[in-house]
Amino acid sequence: ALPACPGAWFLHHVGMAPAPLPFDLRPLDGLSDDDLREALGATFSDYLVPVRFDDREALAQFLRRQGVDLTLSMGAFRPDAPQLLGVVLLAPQWKASPPWMRLATMGIRPEARGLGVARPLLSAAIASAWSLGAEEMRLEVFAQNARALALYTAMGFKPLHRLYGYELELAQDAIADCPIPIPNRLDASTAQQWLQARQPQDQAFQMSASMVPLLPPDTLFWQSGQALLAGREPLPGQVTVSIAVDRSTGSADLQNLIRHWAFAAGPAPIHRFTVPALQAEHTGAVAWEMLGAERSPLFQWQMAMKRPA
């Protein structure tokens, strides 16, 4: 069992902090789906990007996309009531070399913020990662989430890369005269193997090989040179990008894949691409900007902490 935490008792009694909430730290794997769904819904209720947990399937999909292992994740519970005050969800990457731990998400109920819950909860997660053999911890956090960014920085996480999102509109007639190499269309298994062999070590988790088995069955995978583009077109001309990786100079290969999709992969005269805020400058962001994409107002920091020597 994880130890109980007394919170900020001393600071409270010398007048420097509000009254702390007493809580216990416990693993989450024994929690019911409904209780976890309710707790996550509360912690994400005022999040920068809407996240909904309407039913158990929505919860299950969220946990799969984030790679979460509930047996390693933990929560802060009120000792006198069955209420979950905050959660930290962990996603181990044991097959990586060296092995590392992803802090998939962390959240505190709005009414419990500022009452000494977040720092002990995060400290316990970090200690657990080191004890399990992780050599590094990584996370993504929106730069506009000032409270979380300040906490992670204070706990020792350092910024690695900015992760941008984009909106791009391409008209077929605008690129009709561009020479576009014919790319390879891959199946999911081949695409995953390609990424495992070529993606950078610090590739954002949700644009990595680990995500391929979790993508919808209608996802298309295109590959050319040092680039791979994966996404789906639920409506003609509306492309939702899942993975975009390019190691070529100037991201020329990824530009060609985007042009190919807009010109040859569908009947719509205009294609609109939506890219989540996971595109790092060194793995493909240049391609979107060279094609005139508009950056999304929100962007994330990818952050990391090395295991102490």
Side-chain angles (χ1 to χ4, degrees), residues 2 5 7-8 11 17-18 20-21 23 25 28 36-53 59 62-63 65-70 72-77 83-93 100-130 134 136-165 202 204-207 276-280 295-306:
L2 295 166
C5 178
L11 293 179
L21 284 176
F23 58 89
L25 298 179
L28 289 177
L36 181 57
R37 186 166 59 86
E38 187 280 329
L40 287 173
T43 63
F44 279 97
S45 61
D46 57 351
Y47 195 52
L48 289 166
V49 178
V51 182
R52 298 180 63 88
F53 303 92
L59 172 65
F62 175 82
L63 296 177
R65 287 197 308 268
Q66 299 292 337
V68 171
D69 185 338
L70 286 179
L72 304 180
S73 302
M74 58 189 70
F77 293 81
Q83 185 183 44
L84 189 55
L85 301 173
V87 297
V88 58
L89 303 182
L90 299 178
Q93 306 301 308
W100 57 281
M101 182 73 77
R102 177 172 180 256
L103 197 162
T105 193
M106 179 176 177
I108 307 296
R109 286 180 180 272
E111 64 270 24
R113 293 172 191 165
L115 298 178
V117 177
R119 187 179 288 258
L121 183 57
L122 180 55
S123 294
I126 294 171
S128 176
W130 303 152
E136 185 178 49
M137 285 195 76
R138 298 182 201 166
L139 59 85
E140 304 89 35
V141 58
F142 280 104
Q144 293 82 357
N145 190 347
R147 183 189 291 268
L149 186 58
L151 173 65
Y152 297 141
T153 301
M155 296 297 291
F157 286 90
K158 307 293 184 185
L160 288 179
H161 306 291
R162 294 187 182 194
L163 304 176
Y164 296 111
D202 56 0
F205 175 79
Q206 288 177 290
M207 274 201 175
L278 294 165
Q279 191 75 78
R295 274 189 190 175
S296 303
L298 297 177
F299 73 90
Q300 297 195 92
W301 280 110
Q302 183 186 37
M303 306 183 78
M305 175 194 295
K306 297 287 187 182

Could you tell me which non-hydrogen atom of [X] sits nearest to which non-hydrogen atom of [Y], and how far apart they are?
{"X": "L103", "Y": "L139", "value": "O-CB, 3.8 Å"}
{"X": "P110", "Y": "A42", "value": "CD-O, 3.4 Å"}
{"X": "T43", "Y": "R113", "value": "O-NH2, 3.2 Å"}
{"X": "A125", "Y": "M74", "value": "N-SD, 3.8 Å"}
{"X": "A104", "Y": "A91", "value": "CB-CB, 4.4 Å"}
{"X": "A76", "Y": "L121", "value": "N-CD1, 4.2 Å"}

Original post:
When you look at E38 and L84, which way does the side chain to side chain contact (heavy atoms under 4.5 Å, CB included) test go after all the steps?
Top reply: CA-CA 9 Å; E38 187 280 329; L84 189 55; 6.0 Å; no

Are any side-chain N or O atoms of [X] and backbone N or O atoms of [Y], one a donor and one an acceptor, separated by less than 3.5 Å?
{"X": "E140", "Y": "L163", "answer": "no"}
{"X": "S128", "Y": "A124", "answer": "no"}
{"X": "Q300", "Y": "A277", "answer": "yes"}
{"X": "Q206", "Y": "A204", "answer": "no"}

[atom1] of [X] to [atom2] of [Y]: how many Å apart, nearest 0.5 Å?
{"X": "R162", "Y": "R295", "atom1": "CZ", "atom2": "CZ", "result": "7.5 Å"}
{"X": "L298", "Y": "Q144", "atom1": "CG", "atom2": "CD", "result": "4.5 Å"}
{"X": "L89", "Y": "D69", "atom1": "CG", "atom2": "CG", "result": "10.5 Å"}
{"X": "F205", "Y": "L278", "atom1": "CZ", "atom2": "CG", "result": "11.0 Å"}

Original post:
Where do F157 and L151 land on the side chain to side chain contact (heavy atoms under 4.5 Å, CB included) test, with the steps shown first?
Top reply: CA-CA 9 Å; F157 286 90; L151 173 65; over 6 Å; no

Is the shortest side-chain heavy-atom distance between [X] and [Y] below 4.5 Å?
{"X": "M305", "Y": "W130", "value": "yes"}
{"X": "M106", "Y": "L122", "value": "yes"}
{"X": "V68", "Y": "T105", "value": "no"}
{"X": "R138", "Y": "W100", "value": "yes"}

**OP:** Name the orientation class of the two ring planes belonging to F53 and F62 (parallel below 30°, tilted from 30 to 60°, perpendicular beyond 60°).
**Re:**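 Judged by the thresholds at 30° and 60°, the geometry between F53 and F62 is perpendicular.
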
**OP:** Mind telling me whether Y164 and F299 have parallel, tilted or perpendicular rings, with 30° and 60° as the class edges?
**Re:**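 If you compare the ring of F299 with that of Y164, the planes turn out tilted.
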
**OP:** List the steps, then state whether side chain to side chain contact (heavy atoms under 4.5 Å, CB included) holds for R109 with Q83.
**Re:** CA-CA 10 Å; R109 286 180 180 272; Q83 185 183 44; 3.8 Å; yes

**OP:** Could you check L70 against L36 for side chain to side chain contact (heavy atoms under 4.5 Å, CB included), going step by step and ending with a plain yes or no?
**Re:** CA-CA 10 Å; L70 286 179; L36 181 57; 4.0 Å; yes

